[in-house]
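Side chains included, hydrogens not; waters and symmetry mates left out as well; all remaining heavy atoms used. Residue numbers begin at 1 in each chain, while the letters A, B, ... track the order of the sequences.
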Amino acid sequence: MQELAKQYSPTSVESTWYERWMAAQIFAIPEQLPKGKTPFSILMPPPNVTGMLTMGHVLNHSIQDLYIRYKRMCGFQAVWFPGLDHAGIATQSKVEGMLRETEGIGRRDLGREKFVERVYEWKEKYGGIILQQLRRLGNSCDWDRTLFTMDEGANRAVEETFIRLFDAGLIYRGKRIINWSPVMQSALSDEEVIMREQTDKMVTLKYHFEDGGGFMSVATVRPETIFGDVAVAVHPKDDRYSAFVGKTVRVPLTDRYVPIIADDYVEKDFGTGCLKITPAHDPNDFEVGQRHNLPILVSITADAKLNELAGPYNGLDRFDARKRIMKDLEAAELIVKSEDYTHKVGYSERGGEVVEPYYSDQWFVSMKVLAEPALKAVQEGSVRFYPEHWTKTYEHWMTNIRDWCISRQLWWGHRIPVYYAPDGRFTAAHSEQEARTKLGLDDSISMIRDEDSVDTWFSSWLWMLTTMHWLDDGITEDTSLLRSYLPTDLLVTGPDIIFFWVARMIMASLYFKNQVPFRDVYFTSIIRDGDGRKMSKSLGNSPDPLFLFDKYGADAVRYTTLYLAPLGLDVKVNVVDDNGKADAPQMEFGRNFANKIWNAARFLHMKASEAGMSSNAQSMPEEEWSAADRWILSRFHSTIHAVHEHLGAYRITEYTRALYDFIWKDFCDWYVEIMKVQFAEREDPAYRQSLMRFALDLFEGALALLHPVMPFITEEIWHVIGDRADDRFLAASALPAFDAQRVDTARERRFELLQQIVDELRMLKSQSGIKPGQKLPLYLRCAEDDKEFFGAVASVIASLTRNELPQFLAEGQQPESALSSVVRGVDLFLVAESVIDHDKERERLTKELERLQNLQRSAEQKLGNERFVANAKQEVVDAERTKLQSAVDGIAKIQDALSRLAS
RNA sequence: GGGCGCUUAGCUCAGCUGGUUCAGAGCAUCUGCCUUACAAGCAGAGGGUCGGGAGUUCAAAUCUCUCAGCGCCCACCA
């Protein structure tokens, strides 16, 4: 048997076992579900191809891996489908940035084809690093099934779904006001815009009447848009202005005159009650303009500069222009007033710049038809959310859903499969030829393909289909993977992508496959730093998980993260600086736990070898079991039960706590200490070996239960203490079976009494300033029924409290000059003549007396209440009676001890 | 403006269907221990009127209402 280091060092253990698991292919599953196997499947939310592992991933993936490993060990055919997202905007902007920096060129300098080539090159070089990082975390995915959203098969599926939706009239092209990113030069969906509150100047401008005689006061926070003004609107029922409707006013700083119109959209009570209408640069104004047949004047360019309509401001950036215009307005005395105004402004989720409402041609998915069944699926429980309250958010979004702008003016992504004929007609098709056929055009006519790409999420929403090879070959819709593993069982993701991804997957799955994509959705916590801020690279408050793995071990990071992260709540992780790196010292918790487990294993290993145990030693027969053996067995089976209960209900923190308590408190603090006594008391090797076998079985069972959250250390120890071959794996083993017969609450309760007595004796010693190692004579008086029990555990009490073997007192007997106490009717005396500090002892006894008197009072009060006795459950009333009785007994004994002290 | 969530020890959080000596854990603090698995440890201690108030109930940290504070999401008042 090998010697084990005193401290557990995770680094080499973790890499070794991951390699062995991979080599043995224990995470790989067959395409066809084997007969008799029940599937359990999870779709990994594909990380961005450019992504780096974050604490968010750690939380997310630890949960997924926990369930995959747990279900695998429960005998399911467990499969975790991994993948990568091409992340259109994120990746393109990263590569564009790199090109600009290193070569000083833009994408347009290269042209589409060359640029996309460069992105692919870049992806080959740097992409997918995160998948390696996920291996460090221990993810037990079926890596052979890794899918990239721009793989051939996925491309086909994207194209096919676009064409089908187009043909069904659910994808359409329209000229609308959309969210425009001037940096990316692309449209964004509503979901990609973050509204942030900020304070800007709101200026009230003078729009002078064309026929003289004063002006209309119009407020705006965007004076640079006045060049796109086409009207001033007032409310139809606003008496102040009704006389002016139909007149024309002059747009400030221009020679243009625009009409005053009346429209319900205007709020009478806001500002001056007059609203400038700029259809090209505000979605609401656009609608007002449509109603009144107003022209659309575009005065801002795609890169957010003013154009020729702005006269002298032509070519100025929108924000520079604003400043200049403000100044000029002031000089021209066109400002009524200017005041601070707090409002929300849309920012691009990716680039962080202010989004510009922009009038352009885009592609949209009509969402109503898709949303209806998807809403129903959640309301009827075909898909369940954890925590459940997210269904409200989901319902609200789904019932107020707006069409999805899917076109992006990007080159990195899936190109829209639409072809335009010279006559202006267009259609979606797999090829130019097919497009011609669809439109009934002659082969000689050449068509032009749409330049745009689709939103990244337009491929992600097919994830449950593409990972399982739907239309992979362009033909087969019903693959064996889909038959075997769809619907998947669990999706683990952050609530921030409930609209982006979760809702849309439900829609796509129901529309294209008429099945829900998953049964349960677990929404994770959001990890924040100690000050409650979201972790982000720019704040430097985001620890690099790889650094944490190196410092604490991946097991420790997984364990601590899950221990800290309750279902559906934000979780705060303290972040401190460690030589310039962000560190999360709370991870010590998991590291210490790992070390504790390691040392428990060391102890068992050592004792087993001391007992000369061989691998075929039998466990103790039942008749040999001591009270402690039975107790730990009962606790063990209670823990198995708790593990299934907690994980079944997604109470993951409870699961981690249950194992912490069992392993550290029950097994290490109590059982191991008792084992030492039992081991020392009987020297015969047969007993010792059988005891060690018994303890090892339990410990290995606990390792199995812990494996889903701490896969590496459990695998390592399982091999070391079991002396197992390298090609056998805990990861591929079964969890210990739960046996309800072994749970004995009465026995657990009696053992708790023993624990309380030990605690009390330790406290007596410690509080009286007696050295822990000083052995004192110990006397004990208990009920006749308990004598056998206490007789059996006498040596345990002596050893754990480091006193002499307890002697039993008869009624009335009393040692002189002893520290005394009473625990649930059991009298305790520690004889310590020379060391008793009488004042201290009196103080302690008085305190205890008070506590018991309070207990007595509260019990008497309750029992004196007829309604309590009549209404409460019998066992509650009985417990109260017992409590009262033991308080009364205790009081008498304490008073007696006090009087002895006085004498 | 609408919706959701949170508030328990100095800090981070448990406390699942109201009741068992229920007010807990870890960290931090204090005291004592190198007791032959573990000082990343062992033993002990101090520390909270469970955000305020009202209600339901024999019984409330737990259920209801309300107020306050914090956070998140959604929403077209310039």
Side-chain angles (χ1 to χ4, degrees), chain A residues 4 6-8 195 202 218-222 233 265-267 269-278 282-285 287 341 343-344 387 389-390 392-393 395-397 400 495-496 498-499 526 528 530 532 552 563-564 566 568-574 585-586 588-589 591-607 645-646 649 651 653-654 657 660-661 665 668-669 672-673 676 749 756 759 762-763 765-767 769-773 799-802 824 851-852 855 858-859 862 865-873 875-880 882-883 886-887:
Chain A
L4 298 184
K6 217 168 167 180
Q7 278 192 355
Y8 175 60
M195 302 305 284
M202 182 164 75
V218 180
T220 181
V221 284
R222 302 199 56 198
Y265 168 69
V266 181
E267 296 281 331
D269 302 328
F270 188 85
T272 60
C274 304
L275 175 63
K276 74 190 203 63
I277 301 300
T278 320
D282 183 287
N284 303 306
D285 291 9
E287 280 175 27
Y341 178 65
H343 64 145
K344 301 259 183 139
H389 68 251
W390 287 108
K392 280 222 168 187
T393 305
E395 280 172 7
H396 183 259
W397 192 72
N400 297 289
D496 48 333
I498 184 169
F499 307 135
I526 291 171
R528 298 174 180 282
Y552 303 100
Y563 181 88
L564 288 176
L569 293 180
D570 289 358
V571 57
K572 283 199 219 170
V573 174
N574 278 320
Q586 269 157 310
E588 283 175 11
F589 179 70
R591 182 200 59 181
N592 292 357
F593 186 39
N595 194 52
K596 187 71 181 178
I597 296 164
W598 179 252
N599 275 290
R602 269 184 80 209
F603 170 79
L604 294 173
H605 191 245
M606 192 189 83
K607 284 290 173 189
E645 289 287 303
H646 292 322
R651 290 193 299 257
T653 53
E654 296 297 317
R657 277 163 211 276
Y660 186 90
D661 287 345
K665 308 272 167 195
C668 293
D669 287 352
V672 162
E673 293 307 316
K676 289 178 186 170
R749 294 297 294 281
Q756 285 178 349
D759 285 343
R762 284 168 169 169
M763 188 274 286
K765 232 172 170 178
S766 164
Q767 292 300 93
I770 301 164
K771 289 252 178 236
S799 167
L800 295 198
T801 65
R802 303 174 78 189
R824 294 202 186 193
R851 191 184 72 85
L852 289 172
L855 217 61
S858 97
K862 274 192 190 169
N865 184 340
E866 289 161 29
R867 287 188 297 181
F868 170 71
V869 180
N871 291 324
K873 276 183 282 182
E875 60 206 77
V876 175
V877 177
D878 287 346
E880 210 57 39
T882 316
K883 189 163 52 169
S886 93

Base versus backbone protein contacts along [range] [heavy-atom cut-off under 4.0 Å; B, S, -]:
range	result
nucleotides 73-78 of chain B	-SBBBB
nucleotides 41-46 of chain B	SSSSS-
nucleotides 6-12 of chain B	S-----S

Please tabulate, one pair per line, each protein N/O and nucleotide N/O from nucleotides 55-64 of chain B that are separated by under 3.5 Å, including the distance.
unit_1 : atom_1 : unit_2    : atom_2 : d
C58(B) : O2'    : Asn865(A) : ND2    : 2.9

Between atom [atom1] in [X] and atom [atom2] in [N], what is the gap in whole Å?
X	N	atom1	atom2	result
Lys665(A)	A14(B)	NZ	C1'	13 Å
Tyr660(A)	C38(B)	OH	C1'	13 Å
Met606(A)	A37(B)	CE	C1'	7 Å
Glu588(A)	C13(B)	CD	P	17 Å
Lys392(A)	C4(B)	NZ	C1'	8 Å

What nitrogen or oxygen pairs link the protein and nucleotides 48-50 of chain B at under 3.5 Å?
none

Closest nucleotide of RNA chain B for Phe603(A) versus for Arg651(A): which of these residues is on the 5' side?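 First, find each residue's nearest nucleotide; the 5'-ward one identifies Arg651(A).
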Give the dot-bracket string for RNA chain B, reading 5' to 3', where a pair is Watson-Crick or G-U wobble with both distances under 3.5 Å, ( ) marks pairs inside the strand, [ ] marks pairs crossing earlier ones, | marks a partner on another strand, and . marks unpaired. (((((((..((((.....[....)))).(((((.......))))).....(((((..]....))))))))))))....
Quick check: any donor-acceptor pair below 3.5 Å linking the side-chain of Arg851(A) to the base of U21(B)?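 Side chain to base: pair found, below 3.5 Å.
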Counting side-chain heavy atoms from CB outward, which of G5(B), C38(B), U21(B) is closest to His389(A)?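 So the nucleotide nearest the side chain must be G5(B).
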Measuring only the P atom in each nucleotide, how far is A14(B) from A78(B)? A whole number of Å is fine.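 It comes out at 38 Å once rounded to the nearest Å.
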